[in-house]
There are 2 protein chains.
Amino acid sequence: MRILLIEDDTVLGAAIRDQIAADGQSVDWVMRLDAAGDAVKSASYDLILLDLMLPDGRGIGFLKGLRARGDVTPVIILTALDQVSDRIEGLNAGADDYLVKPFDLAELSARIGSVARRYSGNPNPIVCHGPLAIDLAARSVHRDGKPVALTAREWALFDAFLARPGQLLSKAQLEEKLYAFDAEVESNTIEVHVSRLRKKLGSAVIETERGMGYRLGRP
Amino acid sequence: MRILLIEDDTVLGAAIRDQIAADGQSVDWVMRLDAAGDAVKSASYDLILLDLMLPDGRGIGFLKGLRARGDVTPVIILTALDQVSDRIEGLNAGADDYLVKPFDLAELSARIGSVARRYSGNPNPIVCHGPLAIDLAARSVHRDGKPVALTAREWALFDAFLARPGQLLSKAQLEEKLYAFDAEVESNTIEVHVSRLRKKLGSAVIETERGMGYRLGRP
DNA sequence: CTCTGGCTGACACGAAGCTGAAGCGGCGGA
DNA sequence: TCCGCCGCTTCAGCTTCGTGTCAGCCAGAG
């Protein structure tokens, strides 16, 4: 397993690197976001350990950029305890886990193992739904064998439906899913995104229950 | 989603319970391991929040017992920061995640959502009533295996009957259920909706008590 | 038979939902 | 640093369909 470590603290970084190496994994250690960007472009990693406070920016942006490009490499965030909002932001930005500094190196190993286990078993399971083939882990959708590009919000919305197939979901519930906690949408955003999803995936995927909400249609 | 909360701290427990309820999930809260054991035996949960330090033992043992019995219900551990070894032990014992106390309630929601997404796919409980199969969570009704589409008002009315099966409900009571106080219906609306429900669900579902009201018929 | 209360088809209104378009902000490339 | 692209939100006008109303019919009770 190849691991990318992004951490600017030389002492902690070295300790982590040694621990991972001792576990028999291969590590690349960079100390800046620009170097991290180069690294993920030039190599493929199975796991990224990401510190949030770095000399050339916050790790959150890096993570968001990664996910925006469709990169689904599992990411574990390394963060200080008092940065609760960072942790939430990180999870919402697509992180898979976080570790609170200071942490025990044995715990790091356990978490790495956990993430590895979660993502092992390639190839990814494909969910089929009528003419759609959905790879949840890779966040990709194919319609009649042709790839469909979904934006972040579209995917989040679709994901909410896939999690509860056939179940009625009110707009309020969907807004919560899409906007987490700081929701301040006072418009018909959900309707608009539903409209776009239907245009991309076919009008039958999402059914309207007037006055109640939406549900994933039968295949 | 049904969640079992095992936590002996009354203040924290109440806060967690309220937060989960606010997220629209259903919570059972127990404060001891023996009660937790009874709970998992008598009901099925989608997620367990497990405090590790409890008056009648350590949560780790409970978790191990659960896994030994083949129970794969996702478990999130609630633990104090300094119990690093506990956290590792917990993860190795089969926990899916942990939260470090003190934690932000918003973070709890995020983690619950994450676990729920990962493990979603267990079917909702189905209520059967003669030829009808009703999924309350999904708000779906099947009649002889075929889906029946109910409108918002129709569902509200049907729901009122389902809440009190066999009990006589006057039109005034039903109007209250459907229109919540600001009602200014001065017509035979209820009769109309009952008629529409009967047409969709079968004429036997709702019985008329002349001069008194309606009741849900025996299956 | 009469009277009262319930049933139901028809219909018009308005709220809820849909969607094209415009404004806006963030990110990446130059 | 500036510019342009792209996705997200908002808005407005249009469409759809759920719902309340009513009228006429039906059925049970006395």
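Letters A, B, ... mirror the listed sequences (proteins, then strands); counts begin at 1.
- Of the side-chain N and O atoms in B:Lys199, none sit less than 4.0 angstrom from OP1 or OP2 of C:dC7.
- Taking side-chain N and O atoms only, B:Thr151 has no distance below 4.0 Å to OP1 or OP2 of D:dG18.
- To the nearest 0.5 Å, atom CZ of residue B:Arg196 and atom OG1 of residue B:Thr151 are 7.5 Å apart.
- With rounding to the nearest 0.5 angstrom, the CG atom of B:Leu5 is 10.0 Å from the CG atom of B:Leu47.
- The distance between atom NZ of B:Lys200 and atom C1' of D:dT19, rounded to the nearest whole Å, is 12 Å.
- Rounded to whole angstrom, the span from the CD atom of A:Glu191 across to the P atom of D:dA12 amounts to 15 Å.
- The nearest whole Å value for the distance from the NZ atom in B:Lys171 to the P atom in C:dG5 is 9 Å.
- Per the geometry, CZ belonging to B:Arg198 stands 9 Å off C1' belonging to C:dG6, to the nearest Å.
- Nucleic acid contact for B:Val194: none, since no nucleic acid atom lies under 4.0 Å from a heavy atom of the residue.
- Of the candidate nucleotides C:dT19, D:dT19, D:dC8, D:dC8 has the atom nearest to the side chain of A:His193.
- One can place CZ of B:Arg196 at 11 Å from P of C:dT8, the figure rounded to the nearest angstrom.
- The shortest heavy-atom contact between B:Gln167 and B:Arg215 is O-CB, 3.3 Å.
- Side-chain N/O atoms of B:Arg210 and base N/O atoms of C:dT4 include a donor-acceptor pair closer than 3.5 Å.
- Spacing between atom CD1 of B:Ile206 and atom P of C:dT8 amounts to 11 Å, rounded to whole angstrom units.
- Between B:Leu216 and B:Phe158, the shortest heavy-atom contact is CD1-CE1, 4.2 Å.
- Here C:dA16 presents its P atom at 13 Å from CG of A:Asn188, a figure rounded to the nearest Å.
- Comparing C:dC7, D:dC8, D:dC11 by their closest approach to the side chain of B:Thr208 singles out C:dC7.
- Looking at the side chain of B:Ser195, the nearest of the listed nucleotides C:dT19, D:dT21, C:dT8 is C:dT8.
- At whole-Å resolution of the value, CG in B:Leu174 and P in C:dG6 are 12 Å apart.
- Here CG of A:Leu54 is found 11.0 Å from CG of A:Asp9. Values are rounded to the nearest 0.5 Å.
- Distances shown here put a side-chain N or O of A:Tyr214 below 4.0 Å from the OP1 or OP2 atom of C:dC18.
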